[in-house]
Amino acid sequence: QVQLVESGGGLVQAGGSLRLSCAASGRTFRRYVMGWFRQAPGKEREFVTTITWNGGATYYADSVKGRFTISRDNAKNTVYLQMNSLKPEDTAVYYCAAAGGRTGWGTVQAYDYWGQGTQVTVSS
């Protein structure tokens, strides 16, 4: 069982930056691929980015590539999402998730555990 708690959301102007954190419980954090998803009002939850077990590989949605950076610290059981050059269309609830499998990391179904989400609002 893994519990995930996000923090760091808030209100920021377009062009600004935010850093989200996701703290995981348990000793098995390094066994999970970690991802960030987001969900805007009236829309489906969408993939943002993911990072493999030791941080050796990262993947990004085209909409955030070059602006967002995912990282993880296995010693602290924490995954981060650095978001730069934020746009109003980045406004959403951002969720941290943990995947125990080895494929399909771009899909909601691949993830076994989810955090409660943190709101990010970007004003124009």
Side-chain angles (χ1 to χ4, degrees):
Q1 191 79 0
V2 177
Q3 292 184 328
L4 304 172
V5 179
E6 302 98 334
S7 60
L11 173 64
V12 63
Q13 288 189 333
S17 298
L18 281 175
R19 188 193 195 205
L20 306 184
S21 299
C22 173
S25 65
R27 302 179 181 177
T28 59
F29 177 73
R30 63 181 65 247
R31 297 181 186 177
Y32 291 90
V33 168
M34 299 300 297
W36 287 96
F37 285 72
R38 66 187 181 186
Q39 188 166 17
K43 295 188 176 182
E44 293 187 352
R45 193 168 298 189
E46 65 173 4
F47 169 77
V48 176
T49 179
T50 193
I51 187 167
T52 55
W53 306 270
N54 61 356
T58 57
Y59 304 92
Y60 296 91
D62 288 343
S63 58
V64 306
K65 202 171 293 183
R67 300 188 297 122
F68 290 12
T69 302
I70 189 171
S71 61
R72 66 189 295 165
D73 185 337
N74 286 346
K76 296 183 178 180
N77 281 12
T78 302
V79 61
Y80 304 97
L81 181 62
Q82 177 67 44
M83 304 185 295
N84 298 329
S85 302
L86 282 161
K87 305 175 181 180
E89 50 264 43
D90 294 318
T91 295
V93 177
Y94 282 71
Y95 296 91
C96 170
R102 303 184 69 83
T103 60
W105 300 324
T107 65
V108 170
Q109 291 77 12
Y111 292 80
D112 304 295
Y113 302 101
W114 293 84
Q116 83 288 350
T118 186
Q119 177 71 46
V120 171
T121 303
V122 184
S123 63
S124 57

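In terms of heavy atoms, Ser17 sits closest to Asn84 at OG-OD1, 2.9 Å. When all heavy atoms of Arg102 and Trp105 are compared, the pair lying nearest together is O-CZ2, 3.2 Å. Smallest separation of non-hydrogen atoms from Ser124 and Pro88: CB-CG, 3.8 Å.
Between the CZ atom in Phe37 and the CH2 atom in Trp114 there is a gap of 4.5 Å [rounded to 0.5 Å]. Distance check: Cys22 SG to Glu6 CD gives 5.0 Å after rounding to the nearest 0.5 Å. Residue Gln119 holds its CD atom at 9.5 Å from CG of Leu11, rounded to the nearest 0.5 Å.
Within a 6.0 Å sphere centred on CD of Glu89, other residues, nucleotides and ligands contribute more than 12 heavy atoms.
Contacts classified as salt bridge (charged side-chain N to carboxylate O under 4.0 Å, His left out) and involving residues 39-49 (residues at least two apart or in different chains) are given here: Arg38-Glu46.
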Legend entry - Worked check of salt bridge (charged side-chain N to carboxylate O under 4.0 Å, His left out) between Asp90 and Lys87: CA-CA 5 Å; Asp90 294 318; Lys87 305 175 181 180; over 6 Å; no

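Judged purely by atom type and a 3.5 angstrom limit, Arg72 uses its side chain to pair as donor or acceptor with the backbone of Thr52. Trp53 contributes a side-chain N or O that, together with a main-chain N or O of Arg31, makes up a donor-acceptor pair within less than 3.5 Å. Remark: the backbone N or O of Arg67 is not paired with any side-chain donor or acceptor of Ser85 at under 3.5 angstrom.
Think of Phe68 as one node in a network of Ile, Leu, Val, Met, Phe, Trp and Tyr side chains linked at under 4.5 Å; its network also takes in Val2, Leu4, Val12, Leu18, Leu20, Phe29, Tyr32, Met34, Trp36, Val48, Ile51, Tyr60, Val64, Ile70, Val79, Leu81, Met83, Leu86, Tyr94, Tyr113, Val120, Val122.
Annotation: Tyr95 is not in aromatic contact with Tyr111 [ring centroid separation under 6.0 Å not met].
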